[in-house]
Amino acid sequence: MNDTPPLPLYQRIYAIVRQIPAGKVATYGQIAKIVGGCTPRMVGYAMSATPTGSDIPWQRVINAQGKVSPHGDGFGTEMQRALLMEEGIAFDSQERVDFDRFGWLPD
DNA sequence: CGGCTGACTCTGG
DNA sequence: TCCAGAGCCAGCC
């Protein structure tokens, strides 16, 4: 159904991330799979292009390891973890998120 | 128009 | 369970 839309790939990725409800988290691979035709890297790169303050909950996007990806120096990573906690996401001693509880399941 | 950069994932040991 | 290396594509200057 999602055939190649006239919108840029990044725009498409942003649309998917935006569909993530609060209190849930999705992986780059999951997003890439939903978008289709793009690799997990593209999703991560697209996120990097997303400025903080946008309507895009990039914070709810984490890696397949269930952990937040190490951004530049790691400062943004801490903020992301804090934001997820505000959403209601819980981290274990390994700073990992349980997809079984917070994993976003697209309709 | 050409080249560089970048928030990942997978497999093997 | 942790560490390492390789593959991939689009956007931007």
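Residue numbers begin at 1 in each chain, while the letters A, B, ... track the order of the sequences.
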Are [X] and [Y] packed together at the side-chain level, in the sense that at least one heavy-atom pair is separated by less than 4.5 angstrom?
X	Y	answer
A/Val17	A/Pro57	yes
A/Met79	A/His71	no
A/Ile13	A/Ile56	no
A/Gln80	A/Trp58	yes

Using the side-chain heavy atoms of A/Gln94, tell me which of these nucleotides is nearest: B/dT9, B/dC8, C/dC2.
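The nucleotide sitting nearest to the side chain is C/dC2.
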Considering only nitrogen or oxygen atoms on both sides, find all protein atoms under 3.5 Å from nucleotides 1-4 of chain B and state each distance.
none

Does atom CG (A/Asp100) have a neighbourhood of more than 12 heavy atoms from anything else shown, all under 6.0 Å?
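Not buried by this count: 12 neighbours or fewer within 6.0 Å.
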Are A/Val35 and A/Met42 close enough, and set up right, to give a side-chain contact (heavy atoms from CB on, under 4.5 Å), and what steps lead you there?
CA-CA 10 Å; A/Val35 174; A/Met42 297 285 90; over 6 Å; no
Can you give the dot-bracket line for DNA chain C, where a pair is Watson-Crick or G-U wobble with both atom distances under 3.5 Å, crossing pairs use [ ], and | marks a partner on another strand?
.||||||.|||||
Please check if the side chain of A/Gln19 supplies one atom and the backbone of A/Ala15 the other of a donor-acceptor pair under 3.5 Å.
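Indeed, once roles are kept as given, a pair shorter than 3.5 Å links the two residues.
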Pair A/Arg60, A/Trp104 - check side-chain contact (heavy atoms from CB on, under 4.5 Å), show working.
CA-CA 9 Å; A/Arg60 294 177 193 152; A/Trp104 172 53; over 6 Å; no
So what does A/Arg81 touch, heavy atoms closer than 4.0 Å: a base, only the sugar-phosphate, or nothing?
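Nothing: the residue A/Arg81, judged by heavy atoms under 4.0 Å, touches no strand.
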Round to a whole Å and report the spacing from [atom1] of [X] to [atom2] of [N].
X	N	atom1	atom2	answer
A/Tyr28	B/dC10	OH	P	14 Å
A/His71	B/dT5	NE2	C1'	16 Å
A/Ile62	B/dC8	CD1	P	12 Å
A/Ile13	B/dC8	CD1	P	13 Å

Base-contact (B) and sugar-phosphate-only (S) positions in nucleotides 8-13 of chain C, heavy-atom cut-off under 4.0 Å, - elsewhere
BBSS--
Go through the steps to decide whether A/Leu84 and A/Phe102 satisfy the test side-chain contact (heavy atoms from CB on, under 4.5 Å), and finish with yes or no.
CA-CA 10 Å; A/Leu84 290 175; A/Phe102 307 105; over 6 Å; no
Gap between atom CG of A/Leu9 and atom OG1 of A/Thr39 - 0.5 Å precision:
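Reported to 0.5 Å precision, the distance equals 8.5 Å.
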Under the criterion side-chain contact (heavy atoms from CB on, under 4.5 Å), I'd like the reasoning laid out for A/Ser54 against A/Tyr14: C-alpha separation, chi angles, the key distance, then a yes or no.
CA-CA 10 Å; A/Ser54 300; A/Tyr14 297 150; over 6 Å; no
Between A/Ser48 and B/dG6, is there a contact of a side-chain N or O with OP1 or OP2 at under 4.0 Å?
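Checking A/Ser48 against B/dG6: no side-chain N or O falls below 4.0 Å of OP1 or OP2.
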